[in-house]
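Accompanying notes for the structure given below.
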Amino acid sequence: MRWSKALIPTHKEDPSHAETTSHKLMLRAGLIRKLTSGVYSYLPLGWRVLKRIENIVREELDAVGCQEILMPVISPAELWEETGRWGVYGKELWRVKDRNGREFALGPTHEEVVTDIARNEINSYKQLPFTVYQIQTKFRDEIRPRFGVVRAREFTMKDAYSFHRDEESLDETYRAIYDVYSRIFDRCDLVYRPVEAATGAIGGSSSHEFMVLSDTGESEVIVCECGYAATSEQAEGVIADVMPVEEPGAMEEVATPGMKTIEEVAGFLKIDPWRLVKTIVYVADEEPVLAVIRGDREVNEEKLAGVLGADIIEAAPPAVIEKVSGAPVGFAGPVGLANVRQVIDRSVEPLRNIVVGGNKADTHIRNVNHGRDFTVASFEDIAQIGKGDACANCGKAMDSFRGIEVSQVFKLGTKYSDSMNATFLDENGKAKPFVMGCYGLGVSRTVAAVIEQHSDDDGIAWPMSVAPFEALIVALNNLKSDAVREAAEKLYEELKGLGVDTLLDDRPDSAGVKFKDADLIGIPVRVTIGDRGLDKGIMEVRLRKSGEKSEVPKENAGAEVLAIVNGLRG
RNA sequence: CGGGGCGUAGCGCAGUCCGGUAAGCGCGCACGGUUCGGGACCGUGAGGUCGGAGGUUCAAAUCCUCUCGCCCCGACCA
């Protein structure tokens, strides 16, 4: 491709609305342009990278016998109603109506559609197991699109689905896909880590996420020396006990005018935050629930939903809080609210003489003791675990890092086949539900992840495996110098003939502009052709990532570049 | 949705508090010329419903009301 004719619009300055490295660079290097919040066009450079990643994904999945298909973006509401997700998926499910008012979903994921195919087409255990996948544009009406392509409302995802006669077969495929993902991310030259994950709206029994390490990542991962690694939503751990031994005192009300937060109350009463116990009102599947936890800790809503067996859980609006506690927001407590379902965190168990909300305006209660002043059916684990907490396996203090979740694999079991009545006949002629797995991989997100790990102050430095071009020829002063122009054209044609994907910078711009742009767009191998070198009979080859330079005789530049590119192809 | 911020030329911004000079600056773009190995220089020029609607006023980018959009922090997830 000739740069003078290509749509590669670069910018000198950082875009004002971008925060993260990858978002800034994707905009500056002309990979993408925003249409509206969370919706992007891919320009030639971005589209080329996306396709290269797609092809890696294809190659690796095809190699283990997965079959590529393409399902519709649009699916009818009735299908989603079969599994209950028309309701459960919530506002994130992008809904549209046709001219007759019939409702459809723009697919955020395709369990329903693929299960529909399976129940119609697969009748016998002899046809199992099998795995299909597609690479497609997905739609999720995200609460908050962010970081460009990292959290978009329209994005490219590879989603695969496997069907099995039993759990053993599922385990096998799950393991195989897990290994395939490792190979895919290895080939993209990413530093990543698989971690235990929560199952969220997709559901199922077990799940792992592949996290690409990045300080700008949205997800926090909790890790332990012993090998344990999980997302912060999922992480299990032990919260250190800080309570000294104390005799229970007499419960008493204390006036705390206007003190709504833990910090305010702790400061006012001159006590440590852990001596307070906070009570947060949630609405779980439309029923109000109290979550009670030590004052210096946060509730993990994922865990709370698990304990409650609830599908949808959200912080209660003020009106509900006031109705439940009989007090303004900030003064709820477990004492005297036995009529509301309460979930008490394990961190509360060792505490004595705690301070809780008084369920009355401007009032807290001190010297409260569980068992005596409010009843606890059982202590549950609903706490958010973080860096420094003890590992549930080995007891060591855990660490944390941030990452971008590029893929997630789920063991779905029979969640979808049961609700959609998708069955096959086994050897005994008995109908059994498919055991399923599903495996997502964010392709567009992976583009951003690669940039996060492969860039410097000057711009992107693509790994050869996903680079939009393999080589860039920079022709200096090509407008005036016939020698340069001819040499550049010749090398360009030669490299094309040798199968090297090459971009020729034949723009009439100054050397500085071309070099800056070259660094920005990050093509791995750069060949500089100028009169100065040509007079010496050489061209300069420079590697973007290492900055390593070499001079090659101009006559065999083509062969030399091919050898270097081959070396980086891996 | 809660909290914070921002909409002025393709991009990055000033001007808004305190209404009034001809809507400005840098980059980019077009044309002419000089340059030519790390974002060159000179000259000329094009490009704006100041996000939108309504209002106040002799006068609105600037004040008021409503509205739309965008970004950041939190809840969601590939």
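Just so we're on the same page: letters track the sequence lines, and every chain starts at 1. Scope of the values below: all heavy atoms of this structure, side chains included, with no hydrogens, waters or symmetry mates. Remember, predicted model here, so these are calculated numbers, not experimental data.
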Within the modelled atom types, does a donor on one side and an acceptor on the other bring the side chain of A:Arg151 and the base of B:rG74 under 3.5 Å apart?
no

Taking only the P atom of each, what is the distance from B:rC71 to B:rU8 in whole angstrom?
14 Å

Taking the nucleotide of RNA chain B with the nearest heavy atom to each, does A:Glu301 or A:Gly440 sit closer to the 5' end?
A:Glu301

Can you tell me the distance, in whole Å, between the CZ atom of A:Arg144 and the C1' atom of B:rC70?
12 Å

With a 3.5 Å cut-off and heavy atoms only, can you find an N or O donor on one side and an acceptor on the other between the side chain of A:Asp509 and the base of B:rG39?
no

Taking the six-membered ring of A:Trp80 (Phe, Tyr or Trp), confirm whether the NZ or CZ of A:Arg85 is under 6.0 Å from its centre and within 45° of its axis.
no

If you measure from CG on A:Asp159 to CD on A:Gln136, what distance do you get to the nearest 0.5 Å?
6.5 Å

Determine whether the side chains of A:Tyr192 and A:Asp186 contain a donor N or O and an acceptor N or O closer than 3.5 Å.
yes

At under 4.0 Å between heavy atoms, what does A:Tyr439 touch on the DNA or RNA strands: base, sugar-phosphate, or nothing?
nothing

Reckon A:Ser510 has a side-chain N or O less than 4.0 Å from the OP1 or OP2 of B:rG39?
no

Base, sugar-phosphate, or nothing: which does A:Asp517 touch, judged by heavy atoms less than 4.0 Å apart?
base

Reckon A:Gly533 touches a base, only the sugar-phosphate, or nothing at all at heavy-atom distances under 4.0 Å?
base

Given atom CG of A:Leu534 and atom C1' of B:rC36, what is their separation to the nearest angstrom?
15 Å

In whole Å, what separates the C1' atom of B:rC50 from that of B:rA22?
16 Å

Within the structure shown, what part of the strands sits under 4.0 Å from A:Lys514 by heavy-atom distance: base, sugar-phosphate, or nothing?
nothing

Could you measure between the two P atoms, the one in B:rC63 and the one in B:rU16, and give it in whole Å?
9 Å

State whether a side-chain donor-acceptor pair under 3.5 Å links A:Tyr439 with A:Ser162.
yes

Can you see if the side chain of A:Thr109 gets near the phosphate of B:rA78 - specifically, an N or O under 4.0 Å from OP1 or OP2?
no

Within the structure, does a side-chain N or O atom of A:Arg33 lie under 4.0 Å from either OP1 or OP2 of B:rG10?
no

With sugar-phosphate meaning primed atoms plus P, OP1 and OP2, does A:Ala518 contact a base, only sugar-phosphate, or nothing at under 4.0 Å between heavy atoms?
nothing

Does B:rA40 pair with anything, Watson-Crick or G-U wobble, both distances under 3.5 Å, and if so, with which nucleotide?
B:rU34

Looking only at the side chain of A:Ser16 (C-beta and beyond, no hydrogens), which of the listed nucleotides B:rC71, B:rG12, B:rC77 gets closest?
B:rG12

Under 3.5 Å, is there a donor-acceptor pair linking the side chains of A:Glu112 and A:Tyr416?
no

Say you pick atom C1' in B:rU65 and the same atom in B:rU56; how far apart are they, in whole Å?
11 Å

Check the phosphate of B:rC71 against A:Ser37, side-chain N and O only, distance under 4.0 Å to OP1 or OP2. Yes or no?
yes

With a 6.0 Å cut-off on ring centres, are A:His208 and A:Tyr178 close enough?
yes

Report the residue (A:Glu13 or A:Glu209) whose heavy-atom-nearest nucleotide on RNA chain B is the more 5′ of the two.
A:Glu13

A:Arg544 CZ to B:rG38 P, straight-line distance once rounded to whole Å
17 Å

From A:Leu25 atom CG to A:Glu452 atom CD, the distance as rounded to the nearest 0.5 Å
8.5 Å

Residues from residues 446-457 of chain A sitting under 4.0 Å of RNA chain B, heavy atoms only?
none

Please report the distance, rounded to the nearest Å, between NZ in A:Lys12 and C1' in B:rG26.
9 Å

Tell me which nucleotide, if any, is Watson-Crick or G-U wobble paired with B:rG26 when both distances must be under 3.5 Å.
B:rC11

Remember a base hit wins even if backbone is also touched, and classify A:Val513 as base, sugar-phosphate or nothing at under 4.0 Å, heavy atoms.
base

With a distance cut-off below 6.0 Å to the six-membered ring centre and an angular limit of 45° from the axis, does A:Arg95 pair with A:Trp86 as a cation-pi contact?
yes

More than 12 non-hydrogen atoms from neighbouring residues, nucleotides or ligands closer than 6.0 Å to CG on A:Asp215, yes or no?
no

Using a cut-off of 4.0 Å on non-hydrogen atoms, how would the nucleic acid contact of A:Ile143 be classed: base, sugar-phosphate, or nothing?
base

Taking the C1' atom of each, how far is B:rA78 from B:rA40, in whole Å?
46 Å

Using Watson-Crick or G-U wobble geometry with both distances under 3.5 Å, which nucleotide pairs with B:rC18?
none

Measure up the A:Trp94 and A:Phe139 rings against each other and bin them: parallel (under 30°), tilted (30 to 60°), perpendicular (over 60°).
perpendicular

For A:Asp509, check side chain to side chain donor-acceptor pair (under 3.5 Å) against everything at least two apart and list the hits.
none

Rounded off to whole Å, could you give me the NZ-to-C1' distance for the A:Lys480 and B:rG37 pair?
16 Å

d(CD, A:Glu142; C1', B:rA78) in whole Å:
9 Å

Gap between atoms CD and P, on A:Gln384 and B:rC76 respectively (whole Å)
9 Å

Taking pairing as Watson-Crick or G-U wobble with both contacts under 3.5 Å, can you name the mate of B:rG2, or confirm there isn't one?
B:rC73

If pairing means Watson-Crick or G-U wobble with both distances under 3.5 Å, then the partner of B:rU49 is none

Indicate, with a heavy-atom threshold strictly under 4.0 Å, whether A:Arg28 touches base, sugar-phosphate, or nothing.
base

Under a 3.5 Å cut-off for both contacts, is B:rC63 paired Watson-Crick or G-U wobble with anything, and if yes, with which nucleotide?
B:rG55

What does A:Arg485 touch in the nucleic acid at a heavy-atom separation under 4.0 angstrom: a base, only the sugar-phosphate, or nothing?
nothing

How far does the C1' atom of B:rG48 sit from the matching atom of B:rA14, given to the nearest Å?
16 Å

Nearest-Å distance for atom pair CG/P, residues A:Leu520 and B:rC11:
17 Å

Classify the nucleic acid contact of A:Val150 as base, sugar-phosphate or nothing, counting any heavy atom under 4.0 Å across all strands shown.
base

